[in-house]
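These notes are about the structure you will find just below.
Below, all heavy atoms of this structure are taken into account, side chains as well, without hydrogens, waters or symmetry copies. If you're wondering where the values come from, they're calculated on a predicted model, not measured in any experiment.
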Amino acid sequence: MRIGAHLREDDNPLATAEELGIDLFQMFVTDPQGWKKPEQRSDAEAIAASPIDVVVHSSYQINVASLNNRLRMPSRKAVEQQAAAAAELGAFGLVVHGGHLRDGEESALGFENWRKLFERQEDKGGFGVPILIENTAGGDHAMARTLESIERLWDAVGDYEQAGFCLDTCHAWAGGEDLVGLVERVRAITGRIDLVHLNNSRDEFDSGRDRHANLADGHIDPDVLLGVIAAADAPVVLETPAPGIPDDLEFLRDKL
């Protein structure tokens with residue numbers, strides 16, 4: 001099992017990954033709160049050549065499901081650009097949140113917009129790396145909060161080879177999905193889990209709040225979290241609070 005961590009705003013993520021002794025790391029390729037196109041990294045060749053795997057998390061404002069052209073169109077472009085930057089690093093995927101609509105908007109149109117993302121990029125030769133759609137924690141009009149919404153989303157994109165899935169344990173818990181047996185229920189819909197974001201939650205079940213906790217500190221039983229990653233048999237990335245990541249890694253290495 002490959003285990004790693006999200007190295008936030010790290011100027012030298014490869015060195016930090018080596019120091020932590022992890023098998024993979026997650027990183028941003030641009031400001032996660034902005035729309036700026038990724039710039040060429042001086043360490044791109046070193047990251048690509050390293051035996052430590054890398055996955056890229058897209059910027060947070062991306063919402064390809066949106067019915068607002070002023071948000072959806074730049075979101076599509078940002079996914080394309082950030083996937084290209086991820087490819088230069090030798091990444092195995094780009095994680096993109098499922099997105100959401102506004103109150104009163106027709107959900108079918110949001111799922112259709114996800115389909116169009118892959119359809120239109122396929123005409124250009126595809127993305128630089130697979131797009132790993134991540135389940136989200138809250139929002140009544142979210143595209144990937146509940147299993148029902150994930151099923152509708154997969155009906156729209158599941159036939160595209162570059163559509164993958166990232167399962168976030170905190171998001172699922174906050175979204176009201178029981179983690180026991182969740183891997184099997186998700187896989188019955190998507191046929192795949194390409195990455196697990198292993199996070200405990202600072203909030204109670206079905207809170208709708210996306211607030212991560214270290215593995216031993218939240219409301220989720222750590223043994224349940226271990227059960228998720230054992231069942232998923234996929235790469236694992238910790239997105240837990242940074243000061244506690246060494247302890248989280250030690251916990252996983254001890255238990256696994």
Side-chain angles (χ1 to χ4, degrees), residues 28-38 56-83 93-123 127 130-160 162-178 182 185-186 189-190 195 197 199 201-212 239:
F28 296 115
V29 290
T30 188
D31 176 4
Q33 302 294 345
W35 292 101
K36 188 176 180 181
K37 181 180 178 180
V56 172
H57 198 298
S58 69
S59 46
Y60 294 127
Q61 79 284 358
I62 289 174
N63 185 1
V64 299
S66 176
L67 306 191
N68 182 348
N69 288 342
R70 297 176 67 181
L71 176 56
R72 184 180 68 259
M73 300 307 290
S75 293
R76 287 178 178 167
K77 189 65 175 178
V79 171
E80 180 181 9
Q81 292 173 342
Q82 292 175 38
L94 175 71
V95 177
V96 181
H97 287 175
H100 60 276
L101 301 182
R102 295 176 296 190
D103 189 29
E105 293 181 330
E106 175 54 53
S107 60
L109 298 177
F111 296 121
E112 176 66 8
N113 282 338
W114 262 109
R115 185 192 65 77
K116 288 179 180 177
L117 173 77
F118 288 97
E119 179 184 62
R120 296 183 181 193
Q121 194 64 33
E122 194 172 60
D123 292 339
F127 291 104
I131 306 303
L132 310 184
I133 305 171
E134 181 178 358
N135 62 306
T136 50
D140 292 335
H141 307 288
M143 297 287 101
R145 175 179 178 176
T146 65
L147 289 181
E148 179 184 7
S149 61
I150 292 170
E151 184 169 12
R152 293 185 66 189
L153 175 56
W154 227 252
D155 284 343
V157 306
D159 289 337
Y160 292 96
Q162 289 195 300
F165 190 78
C166 172
L167 174 62
D168 188 299
T169 55
C170 173
H171 295 179
W173 168 270
E177 295 294 343
D178 186 356
L182 179 61
R185 296 194 298 276
V186 168
I189 294 169
T190 65
L195 178 67
H197 282 169
N199 305 304
S201 174
R202 292 167 58 188
D203 300 288
E204 296 181 351
F205 182 75
D206 203 18
S207 66
R209 297 174 182 171
D210 180 10
R211 301 199 303 171
H212 298 183
E239 294 181 319

Any non-hydrogen side-chain atom of [X] less than 4.5 Å from a side-chain atom of [Y]?
X: N113; Y: R76; result: yes
X: F28; Y: V56; result: no
X: I133; Y: W114; result: yes
X: L71; Y: Q61; result: no
X: H97; Y: H57; result: yes
X: N63; Y: M143; result: no

Please answer whether the main-chain N or O of [Y] pairs with a side-chain N or O of [X] as donor and acceptor at a distance below 3.5 Å.
X: S207; Y: E204; result: yes
X: E105; Y: R102; result: yes
X: E177; Y: L147; result: yes
X: E80; Y: F127; result: no
X: W154; Y: T190; result: yes
X: R115; Y: D155; result: no
X: H212; Y: E239; result: yes

Working to the nearest 0.5 Å, report the span between [atom1] of [X] and [atom2] of [Y].
X: L153; Y: F111; atom1: CG; atom2: CZ; answer: 6.0 Å
X: R209; Y: W173; atom1: CZ; atom2: CH2; answer: 14.0 Å
X: L94; Y: I131; atom1: CG; atom2: CD1; answer: 4.5 Å
X: S59; Y: Q81; atom1: OG; atom2: CD; answer: 9.5 Å
X: S149; Y: H141; atom1: OG; atom2: NE2; answer: 12.5 Å
X: L109; Y: R72; atom1: CG; atom2: CZ; answer: 9.5 Å

Closest heavy-atom pair and its distance - F165, V186: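 Heavy-atom minimum between the residues: CE2-CG1, 3.6 Å.
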Smallest separation among heavy atoms of A144 and G98, with atom names: CB-CA, 4.1 Å
Over 12 non-hydrogen atoms of neighbours within 6.0 angstrom of CG in N68: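 Yes - once you tally the heavy atoms of other residues, nucleotides and ligands closer than 6.0 Å, there are more than 12.
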Criterion side chain to side chain donor-acceptor pair (under 3.5 Å) against H171, the qualifying member of D210, T136, N135, N199: D210
Residues R211 and D203 bridged, charged N to O under 4.0 Å: yes
Hydrogens and angles aside, do [X] and [Y] bring a side-chain donor and acceptor to less than 3.5 Å of each other?
X: T30; Y: Q82; result: no
X: S107; Y: R152; result: yes
X: E148; Y: T146; result: no
X: E134; Y: H197; result: yes

Parallel, tilted or perpendicular: ring planes of F118 versus Y160, cut at 30 and 60 degrees: parallel
